[in-house]
Peer 1: 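Below you'll find the structure I mean.
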Amino acid sequence: MSARKTEDAPTTATSGALPRHVAIIMDGNGRWAKKRFMPRVMGHKAGVETVRTMVRHCAEKKIEVLTLFAFSSENWRRPEKEVRLLLELFVSALKREVKRLNENNVVLKIVGDRSAFPEALQQEIATAEATTSANTGLKLVIAANYGGRWDIVQATRALADEVTTGRLESSQIDEAALDRHLSLYGMPEPDLFIRTGGEERVSNFLLWQLAYCEMYFTETLWPDFDGDAFDDALNSFSKRQRRFGRTGDQVEQEKNA
Ligand code: IPE
Ligand code: IPE
Ligand code: MG
């Protein structure tokens, strides 16, 4: 059997370790508000506070990347008013938070199809990214109008363009070639996926990148997710044995070598 696959696979069994990259589906804002007889948007507003808390925790723990799913390519299907309020909230949060993120050495990156956003929001995104691009601390990735399928399709299109223009042979297309065009290129793969709000599905988040990610689901609604809840997720992660296709014994042997 060829050894290629094992050489290509990640080799770190991070049992006991912290994840380098945490990816979160921030779900449950609407239900949080409904329980309090408040409009859904109040849940989204409370959710922004949780984002601030999580950024602080990740920075303190020296986690390298935090990716947050803020708006999916399917969320346009929501009532027009909720979509509008979500976009407004996004703009105001960007404006308000960029200074603080910059002071905290955070690099902000927005992934997703931003061409569908109003011009003012696109401008705000570009400014926020430029302001923080030279920082060296936590990378905060916000997935907005993002879909895992969209990401793979746009990467495929970029590869097709390279082949059409003669910069690439179709025989050179491999996983690394596709990966180069994906939104999270250059970042470590997500190690820990967290979904709050009780649903146990991926909802078109990072499809390609979740291949060997550890999954963690919690009933806690996003506005209630706090440092202790995050520590529970990290604790669960630290106890797992990541095998990447090998046997448990092999992983143990390598750890002790
Ligand atoms: C997640 O909370 C935030 C977004 C999708 C923008 P929801 O708004 O989906 O909250 P629930 O699932 O209805 O409670
Ligand atoms: C996923 O949540 C998207 C975000 C959190 C941004 P949804 O609430 O939209 O997911 P579904 O529709 O319940 O799968
Ligand atoms: Mg939801």
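For ligands, and for the atoms within them, numbers begin at 1 and follow the listed sequence. This structure is a prediction, so every number in the text was calculated from the model and none was measured.
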Peer 1: Can you tell me which N/O/S atom of Asp27 has the shortest distance to the Mg ion (ligand 3)?
Peer 2: OD1

Peer 1: Measuring to the Mg ion (ligand 3), does Glu199 have an N/O/S atom at a distance below 2.8 Å?
Peer 2: no

Peer 1: Have a look at ligand 1 and work out which part of Asn75, if any, has a heavy atom under 4.0 Å from it: side chain, backbone, both or neither.
Peer 2: side chain

Peer 1: Please identify which atoms of ligand 2 are closer than 4.0 Å to at least one heavy atom of Phe71.
Peer 2: 6 (C)

Peer 1: Please state which protein non-hydrogen atom is closest to atom 2 (O) of ligand 2 and give its distance, to 0.1 Å?
Peer 2: Arg195 NH2, 3.7 Å

Peer 1: About how many Å separate CG of Leu159 and OG1 of Thr164, when rounded to the nearest 0.5 Å?
Peer 2: 10.5 Å

Peer 1: Could you tell me whether Asp161 and Arg167 make a salt bridge, using a distance below 4.0 angstrom between a side-chain N and a carboxylate O?
Peer 2: no

Peer 1: To which of Glu74, Glu82, Arg78, Arg40 does the heavy atom nearest atom 13 (O) of ligand 1 belong?
Peer 2: Arg40

Peer 1: Ring of Trp76, cation from Arg78 - is the NZ or CZ under 6.0 Å from the centre and inside 45° of the axis?
Peer 2: no

Peer 1: Within the structure, is a non-hydrogen atom of Met26 found at a distance of less than 4.0 Å from ligand 2?
Peer 2: yes

Peer 1: Salt bridge or not for Glu103 and Lys99, using N-O below 4.0 Å?
Peer 2: yes

Peer 1: Would you please test Trp222 and Ile24 for side chain to side chain contact (heavy atoms under 4.5 Å, CB included) and show each step?
Peer 2: CA-CA 10 Å; Trp222 179 247; Ile24 307 184; 3.7 Å; yes

Peer 1: Quick one: which ligand 2 atoms are inside 4.0 Å of a heavy atom on Ile25?
Peer 2: 1 (C), 5 (C)

Peer 1: Any N/O of Asp27 closer than 3.5 Å to an N/O of ligand 2?
Peer 2: yes

Peer 1: Considering both backbone and side-chain atoms of Ser72, is one of its nitrogen or oxygen atoms within less than 3.5 Å of a nitrogen or oxygen in ligand 2?
Peer 2: no

Peer 1: Which residue and atom name correspond to the protein heavy atom nearest atom 6 (C) of ligand 1, and how close is it?
Peer 2: Ala70 O, 3.3 Å

Peer 1: Please determine which of Leu140, Thr50, Ile194 meets the side chain to side chain contact (heavy atoms under 4.5 Å, CB included) test together with Leu68.
Peer 2: Leu140

Peer 1: Can a salt bridge be assigned to the pair Lys139 and Glu64 using a cut-off of 4.0 Å between side-chain N and carboxylate O?
Peer 2: no

Peer 1: State plainly whether the residues Arg201 and Asp27 are in salt-bridge range, i.e. N to O under 4.0 Å.
Peer 2: no

Peer 1: I'd like to check atom 11 (P) of ligand 2 in this structure: does the protein have a heavy atom lying under 4.0 Å from it?
Peer 2: yes

Peer 1: When rounded to the nearest 0.5 angstrom, what is the spacing between CG in Asn256 and CD in Gln253?
Peer 2: 8.5 Å

Peer 1: Under 3.5 Å, side chain of Asp151 to main-chain N/O of Leu182, donor-acceptor pair present?
Peer 2: no

Peer 1: List every atom of ligand 2 that sits less than 4.0 Å from any heavy atom of Arg201, numbering the atoms from 1 in the order shown and giving each element.
Peer 2: 11 (P), 13 (O), 14 (O)

Peer 1: Would you mind running through ligand 1 and noting each atom that sits below 4.0 Å from a heavy atom of His44?
Peer 2: 3 (C), 8 (O)

Peer 1: Quick check on contacts: which atoms of ligand 1 are under 4.0 angstrom from a heavy atom of Arg31?
Peer 2: 11 (P), 12 (O), 14 (O)

Peer 1: So, 4.0 Å and heavy atoms of Gly197: is ligand 1 close enough to count as a contact?
Peer 2: no

Peer 1: Got a salt bridge between Glu74 and Arg77, using NZ or NE/NH1/NH2 to carboxylate O under 4.0 Å?
Peer 2: no

Peer 1: For atom 14 (O) of ligand 2, tell me which residue out of Ser73, Ser203, Gly28, Gly198 has the closest non-hydrogen atom.
Peer 2: Ser203

